[in-house]
Colleague: 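Have a look at this one.
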Amino acid sequence: MTTALRVPEELSARVPAEQRGQGLDRDAVRLLVSRGTEVSHHGFAELPGLLRAGDLLIVNTSPTLAAAVDGRIGHARVVVHFSTRGDDGRWAVEVRDPDGRGTTRARAGGPAGTEVRLPGDVRLVLEEPLTGRSPRLWWGRVPEPGGRVPEADAPGPEADVLRLLGRHGRPIRYSYTERDQPLSAYQTVFALPAADGAGSAEMPSAARPFTARLVAALVSRGVQFAPVTLHTGVASAEAHEPPYPERFAVPETSARLINAARAGDGRVVAVGTTAVRAVESATGADGVVRAAEGWTDLVVTPERGVRVVDGLLTGLHEPEASHLLMLEAVAGRAAIDRGYEAALRGRYLWHEFGDVHLILPEEAPHTEHCSSNCR
């Protein structure tokens with residue numbers, strides 16, 4: 001990304017599109033379209049006319065959790081962002097300081113043994129950093145009453161956290177937004193409740209502008225949908241760290257749909273970077289998608305390339321964001337630089353309530369795309 005690009009503060013989307021004027025819906029956002037280095041400007045409602053019969057959209061069905069909870073460390077007020085639930089019953093969490101404006105600012109993590117008191121007499125004990133690269137995220141555990149550490153498969157503390165989020169949690173909110181929003185504002189039309197209560201700490205926001213009406217129009221045009229799941233963790237708003245391991249699932253039916261689209265004339269377009277990470281994690285070196293689930297630590301970079309995805313529908317990311325490496329893997333740096341320069345000139349809005357960017361190939365024979373862009 002061109003280092004000279006800077007996003008003015010006034011281009012942050014402060015409220016959802018439907019709250020910006022009477023009669024507006026979620027799809028009342030702008031759509032920047034890049035085909036190579038050619039750029040055009042549209043409304044999101046024009047999306048059906050920009051796709052064609054046989055194209056396939058990969059969508060993330062992860063629901064958004066009310067992942068922010070007020071707490072105290074000693075006498076100090078803090079906010080805990082519950083990020084990712086581990087297989088051993090612990091949670092990856094980020095502890096932040098209230099900033100007095102209804103949002104939060106970063107604080108140092110830890111140290112080990114720190115106890116955070118949460119509503120409903122729930123205690124969270126910080127145990128160790130999630131990774132050695134950053135002290136921001138820590139593994140924390142909710143001990144059972146009496147202080148006993150539960151067994152890894154014990155359901156009690158895990159259920160306590162989910163109840164805590166359901167009763168006392170709210171969506172994670174960043175400082176560029178104007179006010180708190182209900183959890184429904186952070187759910188996409190594709191979100192499906194998970195049987196185990198799992199979900200995303202932050203909304204898979206590229207899908208937010210979709211409405212039921214627009215989905216119906218796409219289906220009528222012959223566009224297909226392949227659902228996948230990737231539960232997103234807490235992004236590093238300040239440090240722009242690369243993503244850490246996240247849970248994902250690509251079902252057999254979706255794998256078949258994607259392989260069939262690639263065998264025909266359709267383009268495979270991922271809705272969001274989370275959908276790219278999920279489907280590329282289920283794709284072999286032979287370019288075939290197979291049903292898969294578990295944890296993925298895949299980071300898609302220009303060096304690694306993409307094996308399946310022809311195009312990407314995504315929000316606008318900060319120039320320093322690690323997501324931009326994935327965009328470059330899909331379209332190349334020249335195309336992304338040109339698109340972002342056009343977005344700034346056109347006064348597009350950034351972040352989860354903002355405008356969106358559709359990246360399509362100039363020409364998309366699948367074999368040529370893969371042979372030149374996958375590793």
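All values derive from a computational prediction rather than experimental measurement.
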Colleague: With distance as the sole criterion, is a donor-acceptor pair present between the side chains of Ser175 and Thr103 under 3.5 Å?
Modeller: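 No, because no side-chain N or O of Ser175 sits under 3.5 Å from a partner of the opposite role on Thr103.
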
Colleague: In terms of relative ring orientation, are Tyr174 and His81 parallel, tilted or perpendicular, with 30° and 60° separating the classes?
Modeller: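 It falls in the perpendicular class, over 60°.
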
Colleague: Who are the side-chain hydrogen bond (donor to acceptor under 3.5 Å, both in side chains) partners of Thr37, not counting sequence neighbours?
Modeller: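 Thr37 satisfies side-chain hydrogen bond (donor to acceptor under 3.5 Å, both in side chains) with no other residue.
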
Colleague: One pair to check against salt bridge (charged side-chain N to carboxylate O under 4.0 Å, His left out): Glu94 and Arg96. What are the steps and the verdict?
Modeller: CA-CA 6 Å; Glu94 181 180 20; Arg96 295 176 66 90; 3.1 Å; yes

Colleague: For Glu10, I'd like to know if atom CD has over 12 heavy atoms of other residues, nucleotides or ligands within 6.0 Å.
Modeller: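 Atom CD in Glu10 is crowded, with more than 12 foreign heavy atoms closer than 6.0 Å.
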
Colleague: Does CD in Glu293 sit with more than 12 non-hydrogen atoms of other residues, nucleotides or ligands closer than 6.0 Å?
Modeller: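 Count not over threshold, so no.
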
Colleague: Quick one about Trp139 and Asp88 (side-chain donor to acceptor, distance below 3.5 Å, no hydrogens or angles considered), yes or no?
Modeller: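 Side chains of Asp88 and Trp139: no pair found under 3.5 Å.
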
Colleague: Between Tyr176 and His351, how do the two ring planes meet: parallel, tilted or perpendicular, split at 30° and 60°?
Modeller: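 It falls in the parallel class, under 30°.
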
Colleague: Distance only, no hydrogens: is a donor on one side chain within 3.5 Å (strictly under) of an acceptor on the other, for Gln181 and Gln19?
Modeller: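 On atom types as modelled, these side chains qualify, holding a pair under 3.5 Å.
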
Colleague: Side-chain donor-acceptor pair under 3.5 Å between Ser200 and Tyr186, yes or no?
Modeller: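 The answer is no; no qualifying pair exists.
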
Colleague: Near Asp121 CG, under 6.0 Å, is it more than 12 heavy atoms from other residues, nucleotides or ligands?
Modeller: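 Open: at most 12 neighbouring heavy atoms sit under 6.0 Å from CG of Asp121.
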
Colleague: Considering residues, nucleotides and ligands other than Glu252, do more than 12 of their heavy atoms fall under 6.0 Å from its CD?
Modeller: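 It does: Glu252 CD has more than 12 such atoms within range.
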
Colleague: Check whether the side chains of Thr314 and Thr273 place a donor and an acceptor atom closer than 3.5 Å, and report yes or no.
Modeller: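 No, because no side-chain N or O of Thr314 sits under 3.5 Å from a partner of the opposite role on Thr273.
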
Colleague: Go through the side-chain N and O atoms of His357 and Tyr340 and say whether any donor and acceptor fall under 3.5 Å apart.
Modeller: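 Short answer, no.
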
Colleague: Do the side-chain N and O atoms of Thr274 and Asn60 include a donor-acceptor pair separated by under 3.5 angstrom?
Modeller: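 Yes, because at least one side-chain N or O of Thr274 sits under 3.5 Å from a partner of the opposite role on Asn60.
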
